[in-house]
Amino acid sequence: MEAAALTKEILLVEDNKVMLLMMSQMLSSRGYRVVTAKHGLDALSQLESHPNIQLVLSDWMMPELNGIELCYQLKSPEYGRYIFFVLLSGRDDKESIVEGINAGANDFVAKDTNINELDARLKAGFRTLELHNQLVAKNIELDRAYATIKQDLESASELIQRMLPNQTSFKGVEINYTHIPSAQIGGDMLGCMQLDEEHIAVYLFDVAGHGVASALMSFSVQQSISSNSGTTSNVKRKKDTDPFYSLIEPSEVISHLNQSYISQDQNNLYFTMVYAVLNTKTGLLTYAFAGHPPMIWLQKSNNNSVFIEQDSFVAGMFDFAEYKTEQVQLKPGDRVLLYSDGITEAEDQQKNQYSEVGLKQLVLTQSSKPRDQQTDSIVQAVKAWAGITQFDDDISLLALEWQGE
């Protein structure tokens, strides 16, 4: 496209042989490379044979296909090339000019126009073409860049999916979860892991925002938590003289993550989190929050659901933040649900949010569902309530059931 502008190639369409010869010579003397056609149909054929031509100087009144009809065809969305069209006519009244412009002509020139003026208008046309071609080239580059970014984001999303738990069945414990990323990759992540023979850890965190930065931070936090062996573990501690590990309290786990990401983060990102450890023999659940929505405790014995919650700071933002470990005693058959706010902040058509209270009630009404279906069933119920097919935010929901020793 740029080559056409540099060579100043023009298609001159004129049915009068004398006028065609005279104008062709005048334009050639000004440095234009002129290709000629005797009417509109001939012009279409010449354009097909000369793919670099983007400027057409056409007579109005011609047989076969006149200038207005030719202009309509070249300016239609179906024509595969951008054409700068100059309508040439012996008529220079306002009505004719309006008719030509309405047909899509970029300029209107009377046949008796001085060659200097015509030359100036054609140069302006080529400048417009050059700008158009540069814009098209940049858009092509942007489309390629977008395609690359999209492919990278899809790969990142697949990587995040592979980081979700594979093992969900432990001695005395069954875990079920649903994780649905939004249209963009986001910062939700959940997990579970066996710390030792008697303890299972579950966690769920939500990095603020969406996109690459949030996903990278989510990946980093996930790696920090899931590394549960060796001297680099954030969830277990080993003394130099002791061959055994001791578990780090949930509040200390979150506190360490908070300090780590305050110093590392340059994008003002932060995350909310809940980290809980279950003693699979006794049913004692210890936990700590970092600004995260409350857990929901489904109590089987009295068919009730209650919140487990803490007032706490988000992680990765405040160096003075302190976190505390608390505990509850589960009974056999009890379930504890961790979730991200993408569920509770889902909106219906009237902009009403589903809310934490609504979710707590839904968990109770869904308690008869098999445990391997409960999280999916809850998510589908919220989706139906909102009347949507895709959530605006990431959706993460993890249910832990203690079956007893």
Side-chain angles (χ1 to χ4, degrees), residues 163-165 167 170 173 175 177 179 187-208 214 216-240 242 244-265 269-280 282-295 297 308-330 336-341 396 398 400 402:
M163 293 168 60
L164 294 170
Q167 182 182 0
F170 303 88
V173 176
I175 290 172
Y177 68 84
H179 177 80
D188 274 20
M189 181 52 65
L190 55 82
C192 60
M193 54 187 171
Q194 183 134 24
L195 300 177
D196 59 27
E197 291 183 356
E198 297 183 3
H199 294 90
I200 299 294
V202 293
Y203 57 88
L204 192 151
F205 60 86
D206 183 2
V207 179
S214 297
L216 286 175
M217 186 172 184
S218 176
F219 177 82
S220 178
V221 175
Q222 167 73 355
Q223 294 298 102
S224 297
I225 301 171
S226 60
S227 177
N228 66 350
S229 61
T231 58
T232 60
S233 174
N234 288 303
V235 295
K236 294 195 291 189
R237 181 184 293 112
K238 180 182 179 182
K239 296 180 180 179
D240 293 338
D242 191 342
F244 300 102
Y245 289 91
S246 61
L247 301 185
I248 299 176
E249 285 195 3
S251 58
E252 190 177 345
V253 171
I254 294 180
S255 180
H256 177 77
L257 292 172
N258 177 58
Q259 294 299 326
S260 296
Y261 287 95
I262 285 175
S263 60
Q264 291 182 12
D265 180 33
L269 291 176
Y270 61 88
F271 58 96
T272 67
M273 181 177 183
V274 57
Y275 177 80
V277 176
L278 174 68
N279 186 312
T280 58
T282 67
L284 184 68
L285 183 76
T286 59
Y287 58 87
F289 284 77
H292 201 78
M295 294 187 289
W297 180 8
I308 301 174
E309 56 189 324
Q310 284 182 348
D311 291 329
S312 55
F313 291 101
V314 297
M317 181 171 286
F318 306 110
D319 57 4
F320 57 81
E322 295 183 356
Y323 304 94
K324 57 183 177 180
T325 297
E326 295 182 326
Q327 60 188 35
V328 293
Q329 179 62 56
L330 304 185
V336 176
L337 289 92
L338 293 64
Y339 56 92
S340 62
D341 60 12
S396 294
L398 182 148
L400 174 150
W402 183 58

How would you list, by chain and number, every residue that makes a side chain to side chain donor-acceptor pair (under 3.5 Å) with Y203, sequence neighbours excluded? Q222
Among all residues two or more places apart in sequence or in another chain, which pass the ring pair (Phe, Tyr, Trp, His ring centres under 6.0 Å) test with F289? Y287
S340: partners by side chain to side chain donor-acceptor pair (under 3.5 Å), with sequence neighbours left out: D188
Could you pull out the closest heavy-atom pair between V314 and M317, with the gap in Å? CG2-CB, 4.0 Å
Say whether, by atom type as modelled, one donor and one acceptor occur between the side chain of S260 and the main chain of H256 under 3.5 angstrom. yes
Please determine whether side-chain contact (heavy atoms from CB on, under 4.5 Å) holds for the pair W297 and L285, giving the CA-CA distance in whole Å, both sets of side-chain angles, and the decisive distance to 0.1 Å. CA-CA 11 Å; W297 180 8; L285 183 76; over 6 Å; no
Of all heavy-atom pairs linking I254 and A288, the shortest is CD1-O, 3.3 Å
In short, I262 meets G316 closest at the heavy-atom pair CG1-C, 3.6 Å
Contacts of type ring pair (Phe, Tyr, Trp, His ring centres under 6.0 Å), residue F271, not counting sequence neighbours: Y261
Contacts of T325 meeting side chain to side chain donor-acceptor pair (under 3.5 Å) (sequence neighbours excluded), chain-then-number -> E249, S251
Sub-3.5 Å donor-acceptor pair from the side chain of S218 to the main-chain atoms of V207, do we have one? no
Decide yes or no on side-chain contact (heavy atoms from CB on, under 4.5 Å) for M273 and L257, but give the supporting numbers first. CA-CA 10 Å; M273 181 177 183; L257 292 172; 3.7 Å; yes
Any salt bridge (charged side-chain N to carboxylate O under 4.0 Å, His left out) pairs touching residues 312-326, not counting sequence neighbours? K324-E326
Look only at the side chain of H292 and the backbone of Y339, and say whether a donor-acceptor pair between them is shorter than 3.5 Å. yes
Output all residues satisfying side-chain contact (heavy atoms from CB on, under 4.5 Å) with I175, sequence neighbours left out; order by chain, then residue number. T168, F170, V173, C192, I200, V202, L398, L400
Within this structure, what is the CG-CG distance for the pair L284 and L278, rounded to the nearest 0.5 Å? 8.0 Å
Nearest heavy atoms of M193 and I225, plus distance in Å: CE-O, 3.3 Å
From F205 CZ over to L190 CG, what is the distance, rounded to the nearest 0.5 angstrom? 8.5 Å
H179 NE2 to S396 OG distance, which is reported to the nearest 0.5 Å: 4.5 Å
Which distance, rounded to the nearest 0.5 Å, do you find between the OH of Y275 and the CG of L338? 12.0 Å
With sequence neighbours excluded, tell me which residues meet side chain to side chain donor-acceptor pair (under 3.5 Å) with T280. none
For S255, the side-chain contact (heavy atoms from CB on, under 4.5 Å) test, sequence neighbours excluded, returns Y323
So, for N234 and S224, which heavy atoms are closest and what is the spacing to 0.1 Å? ND2-O, 2.8 Å
To the nearest 0.5 Å, tell me how far M295 CE sits from L204 CG. 11.0 Å
Just by modelled atom types, is the H199 backbone N or O under 3.5 Å from a matching donor or acceptor in the N279 side chain? no
Does atom CD of Q329 have more than 12 heavy-atom neighbours from other groups under 6.0 Å away? yes
Sequence neighbours excluded, which residues qualify as ring pair (Phe, Tyr, Trp, His ring centres under 6.0 Å) partners of F313? F318, F320
Please report the C-alpha distance between V235 and L247 in whole Å, then the side-chain angles of each, then the deciding distance to 0.1 Å, and finally whether the side-chain contact (heavy atoms from CB on, under 4.5 Å) criterion is met. CA-CA 6 Å; V235 295; L247 301 185; over 6 Å; no
